[in-house]
Protein chains: 2
Amino acid sequence: MRLPEAWIISVGNELLNGRITNTNLTWLAKRLTVMGYLVRGAITVRDECEDISWAFRTALSKGASLILSTGGLGPTFDDKTSECLSKALGREWVVNEEALKMVEEKYRRAGLPMTEHRVKMARMPEKAEPIPNRVGTAPGILVREGQSLIVVMPGVPAEMKAIFEEVEPLLRERAPRLEMVSVDVIIKGVPESSLAPVIERAMKSANVYVKSHPSGREVEEPVIRLNVVASAPTREEAVEEVKKALKVIYEHMPPGGRVEGEEW
Amino acid sequence: MRLPEAWIISVGNELLNGRITNTNLTWLAKRLTVMGYLVRGAITVRDECEDISWAFRTALSKGASLILSTGGLGPTFDDKTSECLSKALGREWVVNEEALKMVEEKYRRAGLPMTEHRVKMARMPEKAEPIPNRVGTAPGILVREGQSLIVVMPGVPAEMKAIFEEVEPLLRERAPRLEMVSVDVIIKGVPESSLAPVIERAMKSANVYVKSHPSGREVEEPVIRLNVVASAPTREEAVEEVKKALKVIYEHMPPGGRVEGEEW
């Protein structure tokens, strides 16, 4: 079964100079995966218009069904995502009236006037739809471009999550209904290189993906965490595939290998 | 001053399904930035040959001076980075004799024979140089392609760091000698949108980059962490530029704004 593919674009110098770890990517990737998307790739770029536009054009050219971006959506000069997305799409960058009302409302309550930098947060590519931001000020941006859906979110994690949840029902509609089962098996006493042919055999015997994560020392004290994942229309079918794979792994365990536990 | 540009490629399904946060990227980005590189972009791809090759070709086509990759360097079927880098370069994927000795030595000590999956860890693009792996088994890979230097490392953080440190002197030779000074200023009581014009003014007045990181609520209880960074041939010159920028920010602080601390 071919899953709809998603790309995630992260914008911000702080992600590329090591000041901040991109936990937004982890969070989004997990949510999309569980929902039934295949996250095909992620691109991180600096706060440079040329690079931001390139990232969106690249994801579009890959035929992404869904493109999510985080970062570069605030009032300062280096918040450029909205403008550079407009350039990437060849659309005008305009004040969106609905977004302007959202932004005005936030500042009116605090008795603050609108300024050029505040109006900027209401500027979006033509024909975009603003997404309400319950937590912060800048609205998110939803754009439909051909078969692709683009969702632009701020980089502040609480705001990113709030905006993601606004569009979650829409993303869910566009994803297949799949149940995913993921099991970790901890194996000690056998090097990953000895387990490698067993993993290949398990993947041929069942409709699963098996990935090994070594955490000890390959030769001296090997510890492998095997992650076995299956997706199917029902949970029962997915569990069945995982069990089939585990049976193959246990039956062909190389000498010295012992299973220290299964985490379902 | 134009800095040499680096791209970082991260390979692994686990990074795109939300199982693992990419802390390797943070670590490498910080090391490279401090060394005098501009990390221009980062690409994360799945364990798919087509995608891995595409990532390397993309970084090469961007004229990267340095390309670092992590992940996909072990013995299992889905460790494909070496093979797919070969494809991207149009080079044969061959057993490197020096690498083979390194791998054989590791297993010989443990009394384990060489197998097809163990020999695989010694396969590299033609004319590559193996990088010793003090921590794990698979050697790193160093490739020179035109003006670009490519360094391929495993995804296990301890192994990645060990291999990075082997090539660090070489990377340092290729970077300019620059001192970087980074100062954080915590500002409360003023929304980011009010601070935005002040930041622009500071950046025009001094040779710095100022980035604001909002952490409170823009309207109700704004807290901004302003990161002011300067790079110069000497530390004194960099400090001078930062001080010039701070002076502008303090002199033009919008009403209500107060500095809660400087972190040098």
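Lettering of chains follows the sequences in order, A, B, ..., and the numbering in each one begins at 1.
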Side-chain contact, heavy-atom cut-off 4.5 Å: [X] with [Y]?
X	Y	value
B:Asn22	A:Leu25	no
B:Val156	A:Pro214	yes
B:Ser193	A:Tyr107	yes
A:Tyr209	B:Asp47	yes
B:Ser194	A:Arg118	yes
A:Arg19	B:Asn227	yes
B:Glu192	A:Thr76	yes

Who among [options] has the most heavy-atom pairs with chain A under 4.5 Å?
options	answer
B:Leu16, B:Leu32, B:Ile8	B:Leu16
B:Glu116, B:His117, B:Lys106, B:Glu48	B:His117
B:Pro197, B:Ser212, B:Pro154	B:Pro197

Which region of [X], side chain (C-beta onward) or backbone (N, CA, C, O), has a non-hydrogen atom less than 4.5 Å from a non-hydrogen atom of chain B, or is it both or neither?
X	result
A:Val34	neither
A:Trp54	side chain
A:Ile43	both
A:Asp184	side chain
A:Lys120	neither
A:Pro191	side chain

Q: Of all the heavy-atom pairs spanning A:Arg46 and B:Arg40, show the shortest one and how long it is.
A: CG-O, 3.7 Å
(Q) Which heavy atom of B:Ala196 sits nearest to which heavy atom of A:Pro75, and what is that distance? (A) CB-O, 3.8 Å
**Q.** When A:Gly41, A:Ala138, A:Ala6 are compared by non-hydrogen pairs under 4.5 Å with chain B, the top option
**A.** A:Gly41
Q.
If you count heavy-atom pairs within less than 4.5 Å of chain B, which of A:Leu15, A:Val45, A:Thr137, A:Ile199 leads?
A.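 Option with the greatest count: A:Thr137.
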Q) By a 4.5 Å heavy-atom criterion (distance strictly below it), what part of B:Val229 contacts chain A: side chain, backbone, both, or neither? A)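 When you check distances to chain A, no heavy atom of B:Val229 falls under 4.5 Å.
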Does [X] have more than 12 heavy atoms from other residues, nucleotides or ligands lying within 6.0 Å of its [atom1]?
X	atom1	result
B:Arg201	CZ	no
B:Arg31	CZ	yes
A:Glu168	CD	yes

Q) What distance separates B:Lys62 NZ from A:Asp51 CG, expressed to the nearest 0.5 Å? A) 6.0 Å
Q: Assess whether side chain to side chain contact (heavy atoms under 4.5 Å, CB included) is satisfied between B:Ile20 and A:Thr26, documenting all intermediate values.
A: CA-CA 7 Å; B:Ile20 289 186; A:Thr26 320; over 6 Å; no
Q) Between B:Asp79 and A:Lys211, is the closest basic N to carboxylate O distance under 4.0 Å? A) no
